[in-house]
Undergrad: 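Quick one: structure below, then a few questions.
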Number of protein chains: 2
Amino acid sequence: MNIGNASVKSGLPAKTIRYYEEIGLVSPDRSDNGYRDFSQDHLHKLSFVQRARSLGFTIEECRALLSLYEDRDRASSDVKTMARAHLDQIGEKIESLLAMQATLSELVKKCHGDNRPDCPILDGLAGKQGKKA
Amino acid sequence: MNIGNASVKSGLPAKTIRYYEEIGLVSPDRSDNGYRDFSQDHLHKLSFVQRARSLGFTIEECRALLSLYEDRDRASSDVKTMARAHLDQIGEKIESLLAMQATLSELVKKCHGDNRPDCPILDGLAGKQGKKA
DNA sequence: GATAGGGCTTCCAGTTGCTGGAGGGTCAAG
DNA sequence: CTTGACCCTCCAGCAACTGGAAGCCCTATC
């Protein structure tokens, strides 16, 4: 199967698939005309990576997951450990975004947002504490 | 004040401050020996950017915020608009991270995590739907 | 005066994960 | 035979830094 086809079926842009080949995540065969030729197995890997990426795993984590996936003798605990570590990172990101959200929406709430130059948001960024009441 | 000092007071690494100069966010003076010389005003800007970055604004947004900050005639509505747009983006990121978290923790929950190779996490990534019950 | 250390300078390269574009070959249809 | 849709490779660039090399500068100590 050509790259265009593989792209549609895996949900990955052709450019991305070429990039994945370049970094050694997948190694499709080549047809006589030089076109990449993807087997069902390659397609499977691509979809696997697509899902893992969409869950926020890095490329290197995807590589590790792929090799666990290919390893018939893996221990599921290895996978679970990786997944949990990743879950922790997700949790941290969420925490930090929630903190940003809280701070910023507080500032936005205080800002009257009219034509006057007085602006609690800028004051907040400048380190001036706005009056509480 | 030297860059090391400015670094401590602004909470930004010296490297980052140099980078900010390179892209024109701050323009410190130079001493006779070629060292950067930061005034209180420069320091103020650096702290401003540090806070804005920590709230997740991009560099270009920081640039815009800085120029609004410097503009005595700005309308606070302009700032509020930017802040709200940014809040929306933060909200979207949080949503997508929560979705990842939900999916992944579901998979983790299903995985027994022992020495056997059977692994619902990998199956999930491979597109196989695990049995519900 | 020599030397050791720390801080400062510039410049170049690398990070992550792609994405866009130039320039050109291939293939099937009309 | 040409058109258009594919495919190929290679190079450059994005954000926002970060690390390192090579080399001044400044102060303190011997």
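In what follows, chains carry the letters A, B, and so on, assigned in the order in which the sequence lines appear, proteins first and then strands, with residues in each chain numbered from 1. Hydrogens, waters and symmetry mates are skipped; everything else that's a heavy atom, side chains included, is used.
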Undergrad: Side chains of residues 95-109 of chain A: which donor-acceptor pairs under 3.5 Å do they make with residues two or more places apart or in other chains?
TA:
from: A/Thr103; atom 1: OG1; to: A/Ala99; atom 2: O; distance (Å): 3.0
from: A/Ser105; atom 1: OG; to: A/Gln101; atom 2: O; distance (Å): 2.7
from: A/Ser105; atom 1: OG; to: A/Ala102; atom 2: O; distance (Å): 3.2

Undergrad: By ring-ring contact (aromatic ring centres under 6.0 Å, His included), which residues pair with B/Phe48, not counting sequence neighbours?
TA: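 Result, ring-ring contact (aromatic ring centres under 6.0 Å, His included) vs B/Phe48: B/Tyr69.
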
Undergrad: Can you give me the N/O atom pairs linking the protein to nucleotides 13-15 of chain D at distances under 3.5 Å, or say none if there are none?
TA:
none

Undergrad: Who are the side chain to side chain contact (heavy atoms under 4.5 Å, CB included) partners of B/Arg53, not counting sequence neighbours?
TA: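 Scan of B/Arg53 (side chain to side chain contact (heavy atoms under 4.5 Å, CB included), adjacent residues dropped) gives B/Tyr20, B/Val49, B/Ile59, B/Cys62.
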
Undergrad: Could you tell me how far apart A/Asn5 (CG) and D/dC6 (P) are, to the nearest whole angstrom?
TA: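 Answer to the nearest Å: 11 Å.
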
Undergrad: Looking at A/Tyr35, I'd like to know whether one of its side-chain N or O atoms comes within less than 4.0 Å of OP1 or OP2 on C/dC27.
TA: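 Answer no for this pair, as no side-chain N or O of A/Tyr35 is under 4.0 Å from OP1 or OP2.
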
Undergrad: Mind checking salt bridge (Lys or Arg N to Asp or Glu O under 4.0 Å) for A/Arg72 and listing every partner two or more places apart, or none if nothing turns up?
TA: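 Residues passing salt bridge (Lys or Arg N to Asp or Glu O under 4.0 Å) with A/Arg72: none at all.
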
Undergrad: Hydrophobic cluster membership, with links at side-chain heavy-atom distances under 4.5 Å among I/L/V/M/F/W/Y: are B/Tyr19 and B/Val8 in one?
TA: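 Unlinked, B/Tyr19 and B/Val8 end up in two clusters.
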
Undergrad: Counting just side-chain N and O atoms, does A/Asn33 come under 4.0 Å of either OP1 or OP2 of C/dC27?
TA: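 Checking C/dC27 against A/Asn33, a side-chain N or O does come within under 4.0 Å of OP1 or OP2.
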
Undergrad: According to a hydrophobic-cluster definition based on side-chain heavy atoms being under 4.5 Å apart (Ile, Leu, Val, Met, Phe, Trp, Tyr only), do A/Tyr35 and A/Phe38 belong together?
TA: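 They do not share one cluster, since no chain of ILVMFWY contacts under 4.5 Å joins A/Tyr35 to A/Phe38.
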
Undergrad: Does B/Asp29 have any side chain to side chain contact (heavy atoms under 4.5 Å, CB included) partners at least two apart in sequence or in another chain, and if so, which?
TA: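 Residues passing side chain to side chain contact (heavy atoms under 4.5 Å, CB included) with B/Asp29: B/Asp37, B/His42.
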
Undergrad: Please tabulate, one pair per line, each protein N/O and nucleotide N/O from nucleotides 9-11 of chain D that are separated by under 3.5 Å, including the distance.
TA:
from: D/dT9; atom 1: OP1; to: A/Arg30; atom 2: NH1; distance (Å): 3.2
from: D/dT9; atom 1: OP1; to: A/Arg30; atom 2: NH2; distance (Å): 3.2
from: D/dT9; atom 1: OP2; to: A/Arg36; atom 2: NH1; distance (Å): 3.1
from: D/dT9; atom 1: OP2; to: A/Arg36; atom 2: NH2; distance (Å): 2.7

Undergrad: Short of 4.0 Å, heavy atom to strand atom, which residues of residues 85-103 of chain B count as contacting DNA chain D?
TA: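 Per residue number, the list is empty: none.
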
Undergrad: Report the C-alpha separation of B/Glu21 and B/Arg30 in whole Å, then their side-chain angles, then the decisive distance to 0.1 Å, and conclude whether the salt bridge (Lys or Arg N to Asp or Glu O under 4.0 Å) test is met.
TA: CA-CA 12 Å; B/Glu21 182 186 13; B/Arg30 293 288 175 145; 3.4 Å; yes

Undergrad: In whole Å, I'd like the distance from the CG atom of A/Asn2 to the P atom of C/dC27.
TA: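 Distance check: A/Asn2 CG to C/dC27 P gives 10 Å.
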
Undergrad: A/Met1 CE to D/dC7 C1': how many Å, rounded?
TA: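 After rounding, the gap between these two atoms is 16 Å.
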
Undergrad: How many Å lie between CD1 on A/Ile23 and C1' on C/dT15, as a whole number?
TA: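 Interatomic distance, CD1 of A/Ile23 to C1' of C/dT15: 13 Å.
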
Undergrad: Report the distance from atom CG of A/Leu12 to atom C1' of C/dG17, rounded to the nearest whole Å.
TA: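 Rounded to whole Å, this separation is 12 Å.
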
Undergrad: CD of A/Glu22 versus C1' of C/dT19: gap in Å, rounded?
TA: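 Between C1' of C/dT19 and CD of A/Glu22: 13 Å.
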
Undergrad: Could you check whether any side-chain heavy atom of B/Leu43 comes within less than 4.5 Å of a side-chain heavy atom of B/Asn5, counting everything from C-beta outward?
TA: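 B/Leu43 does not reach B/Asn5 side chain to side chain.
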
Undergrad: Report for the helix from C/dG1-D/dC30 to C/dG30-D/dC1: angle between first-end and last-end helix axes, five pairs each, rounded to 10 degrees.
TA: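 That helix has its two terminal axes inclined by roughly 30°.
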
Undergrad: Applying salt bridge (Lys or Arg N to Asp or Glu O under 4.0 Å), can you list everything that pairs with B/Asp118, at least two apart in sequence or on another chain?
TA: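 Result, salt bridge (Lys or Arg N to Asp or Glu O under 4.0 Å) vs B/Asp118: none returned.
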
Undergrad: List in chain and number order the residues that pass ring-ring contact (aromatic ring centres under 6.0 Å, His included) with A/His44, two or more places apart in sequence or in another chain; answer none if no residue qualifies.
TA: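 Testing A/His44 for ring-ring contact (aromatic ring centres under 6.0 Å, His included), a comparison that skips the adjacent residues, returns none.
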
Undergrad: Would you please test A/Glu70 and A/Lys45 for side-chain contact (heavy atoms from CB on, under 4.5 Å) and show each step?
TA: CA-CA 10 Å; A/Glu70 310 258 277; A/Lys45 283 191 190 178; 3.4 Å; yes

Undergrad: For residues B/Met82 and B/Ala64, report the shortest heavy-atom separation together with the two atoms involved.
TA: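 It is SD-CB, 4.1 Å.
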
Undergrad: Quick one: label B/Ile3 by what it contacts on the DNA or RNA (base, sugar-phosphate, nothing), any heavy atom closer than 4.0 Å.
TA: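 Sugar-phosphate, no base atom in range.
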
Undergrad: Start at the 5' end of DNA chain C and walk down; is the nucleotide closest to A/Thr16 or to A/Asp32 reached first?
TA: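 Here A/Thr16 is the residue nearer the 5' end.
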
Undergrad: Please enumerate all residues that pass salt bridge (Lys or Arg N to Asp or Glu O under 4.0 Å) together with A/Glu60, with sequence neighbours excluded.
TA: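 A/Arg63.
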
Undergrad: Let me know the distance between CZ of B/Phe38 and C1' of C/dC8, rounded to the nearest Å.
TA: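 To the nearest whole Å, that distance equals 11 Å.
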
